[in-house]
Amino acid sequence: MEREVIQSVGFRNIKENGEITGFQFKIRLPYYRGVFLSQLRPGTLFIDGERIEKEDIIWNVKGEDFTVEQMKTDFQTHWDVTCPATLKVKKPGGLAQGYHDLKYGFCFTSSYMPPIIQAHLDPDKENMVFMPEFGHHVNERRMIIV
Amino acid sequence: MERRVKRGVAIYSYSGEYGRTMNLEDCFKDLRDMGATGIEILANSHIDSYPALTDEYVAEWMRLCTAYGVEPVEYGHWIDSRLYRNREISPQEAREKLVNDFQIAHRLGFRILRTKMGVINAELAPMENWREIIESVLPEAEKYDVVMCPEIHLTTVLSDRFVQDYVDFINETGTKNFGLNIDLSVFQNRFDVPGVVVFNPDCKHSQPEEIIPLLPYVKCIHAKFNKMDDDFNELTIPYPEILKILTDYGWEGYLLSEYEGEKKDVPGFVSHELRKQHVMMKRILGY
């Protein structure tokens with residue numbers, strides 16, 4: 001795994017039945033401990049400035065696909081710190097060869113932190129105080145489609 | 001000299017490298033190399049199949065403990081009370097998760113559990129129904145021979161009401177399966193040292209002697225450190241006073257190093273700081 005949250009391995013177009021239907025990328029969890037999916041607060045993706053809502057992104061954790069709605073109530077599936085999740089986005093034709101700018105926000109709850117600190121968790125905005133052990137909410141990276 | 005106070009490492013310390021530049025075996029190698037003999041893992045961080053446990057993991061775990069001569073000391077786990085958006089975790093759900101953790105810890109050879117409970121305020125007071133939840137799993141804790149220990153951590157101070165509540169709970173129930181983990185951050189009295197990561201500059205702190213009446217309940221200590229100087233002194237926590245109390249009062253158990261300073265993600269940085277801290281502890285303890 002790379003130090004960057006958005007990993008260079010895993011960024012590619014998705015081909016289904018010979019047709020390119022979208023693209024995917026992988027992210028690692030920047031927190032020091034794994035989380036159950038219900039703890040996650042997925043945010044918005046910007047690909048080359050184009051906005052993609054969280055509802056249009058499928059998370060694949062440990063080989064299984066989840067919608068944002070399914071993740072809300074999943075408190076059994078655990079996303080580990082050593083295993084990146086794959087995020088899939090529908091986009092007929094996929095992304096063109098060359099550079100692409102990704103910006104993606106997500107965060108998570110922690111029951112051992114004072115509720116007041118977590119009351120206004122926003123995956124698309126940074127916390128008031130940056131805690132290295134929790135990572136940034138919003139991560140950006142320029143990556144290449146081959 | 002009798003070595004009652006032992007040195008170990010909470011591999012949380014390596015979290016800036018874990019999964020990138022260090023794996024589980026690298027943690028064992030590093031801590032053994034500085035003469036530490038005990039390890040703390042975090043279930044949710046260091047067991048990839050969590051909340052399940054695979055036979056492969058158990059076999060690898062046993063191999064590592066044997067190969068490096070390291071004993072499993074403390075197993076960190078959580079009662080994540082805020083797993084849901086619209087309600088707290090139910091006592092029954094908490095119970096199921098706890099018993100699962102007891103079983104994992106027992107299989108891996110841990111007796112002490114750092115049971116981190118959900119909190120309800122800025123002093124980190126535990127969720128209101130903690131007694132009900134803990135009491136309901138005492139028979140299973142006894143069966144699997146584990147001791148649940150809430151971690152007393154900054155911004156809490158030892159004189160906070162709920163610390164006494166834990167002690168009262170132990171005395172009232174007579175249980176041997178509940179104790180305390182004191183994180184030395186409760187004694188942190190400097191917040192102005194360059195390189196120290198500070199979130200609560202106005203934080204209260206406890207005096208070293210306040211730990212004395214609690215010692216019979218303390219199963220494990222998190223040797224929190226924020227900043228070592230090059231002469232092997234920790235600059236934010238009064239280690240000499242604290243360790244002297246532990247030896248004077250005959251406390252027996254592990255000091256588990258937990259690095260909470262800067263540059264955790266710089267490869268090798270934490271390993272170097274840990275060595276400095278272990279030099280300090282060896283010098284103070286005399287062994």
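Values in this document were obtained by computation on a predicted structure and should not be read as measured data. No hydrogens, no waters, no symmetry mates; every other heavy atom, side chains included, goes into these values. Sequence lines set the chain letters: A, B, ... in the order given, protein chains first and strands last, and positions in each chain run from 1.
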Has the side chain of Thr82(A) got a donor or acceptor atom that lies under 3.5 Å from a matching backbone atom of Gly19(B)?
-> no
Look up atom CG in Leu83(B) and atom OG1 in Thr73(A), then write down how far apart they are to the nearest 0.5 Å.
-> 11.5 Å
Lys/Arg-Asp/Glu bridge criterion (N-O < 4.0 Å) met for Lys62(A), Asp48(B) | no
Without swapping roles, check the side chain of Ser111(A) against the backbone of Ser81(B) for a donor-acceptor pair under 3.5 Å.
-> yes
Contact origin within Leu40(A) toward chain B - heavy atom pairs under 4.5 Å = backbone
Please look at Glu2(A) and chain B and tell me whether the side chain, the backbone, both or neither of the residue comes under 4.5 angstrom of a heavy atom of that chain.
-> backbone
Atom CD of Glu55(A): over 12 foreign heavy atoms under 6.0 Å | yes
Taking atom CD of Gln92(B) as the centre, does the number of heavy atoms from other residues, nucleotides or ligands within less than 6.0 Å exceed 12?
-> yes
Closest heavy-atom pair, Tyr50(B) versus Asp80(A), reported as atoms and distance to 0.1 Å, is O-OD1, 4.2 Å
So how far is it from Tyr32(A) OH to Asn44(B) CG, rounded to the nearest 0.5 Å?
-> 8.5 Å
Honestly, the part of Ser110(A) sitting under 4.5 Å from a heavy atom of chain B is backbone
Highest number of heavy-atom pairs under 4.5 Å with chain A among Asn23(B), Leu42(B), Ile120(B) belongs to Ile120(B)
In this structure, are over 12 heavy atoms from other groups packed under 6.0 Å from Arg142(A) atom CZ?
-> no
Measure the spacing between CZ of Arg33(A) and OG of Ser15(B) and express it to the nearest 0.5 Å.
-> 12.5 Å
Which portion of Thr109(A) sits near chain B, non-hydrogen atoms under 4.5 angstrom = side chain
Would you indicate whether Phe130(A), at its atom CZ, is surrounded by more than 12 heavy atoms from other residues, nucleotides or ligands within a distance under 6.0 Å?
-> yes
For Lys264(B), does the NZ atom sit with more than 12 other heavy atoms under 6.0 Å from it, leaving out its own atoms?
-> yes
Identify which part of Met113(A) has an atom lying under 4.5 Å from any heavy atom of chain B, answering side chain, backbone, both or neither.
-> backbone
So do the side chains of Pro132(A) and Glu262(B) get within less than 4.5 Å of each other, counting heavy atoms only?
-> no
Just checking, Lys97(B) and Phe36(A): is the charged tip under 6.0 Å from the six-membered ring centre and within 45° of the axis?
-> yes
Tell me, for Asp80(B) versus chain A, whether the close heavy atoms (under 4.5 Å) come from the side chain, the backbone, both or neither.
-> both
Given His78(A), Met1(A), Arg3(A), Gln39(A), the one with more heavy-atom pairs under 4.5 angstrom with chain B than any other is His78(A)
Side chains of Lys72(A) and Arg85(B) in contact at under 4.5 Å (non-hydrogen atoms) | yes
How long is the span from the CZ atom in Phe75(A) to the OH atom in Tyr84(B), to the nearest 0.5 Å?
-> 3.0 Å
Leading residue by heavy atom contact count with chain B [cutoff under 4.5 Å; candidates Arg41(A), Met131(A), Gln76(A)] = Arg41(A)
Heavy-atom distance under 4.5 Å to chain A: side chain of Ile89(B), backbone, both or neither?
-> neither
Give the ring-plane orientation class for Trp78(B) versus Tyr112(A), where under 30° counts as parallel, over 60° as perpendicular and anything between as tilted.
-> tilted
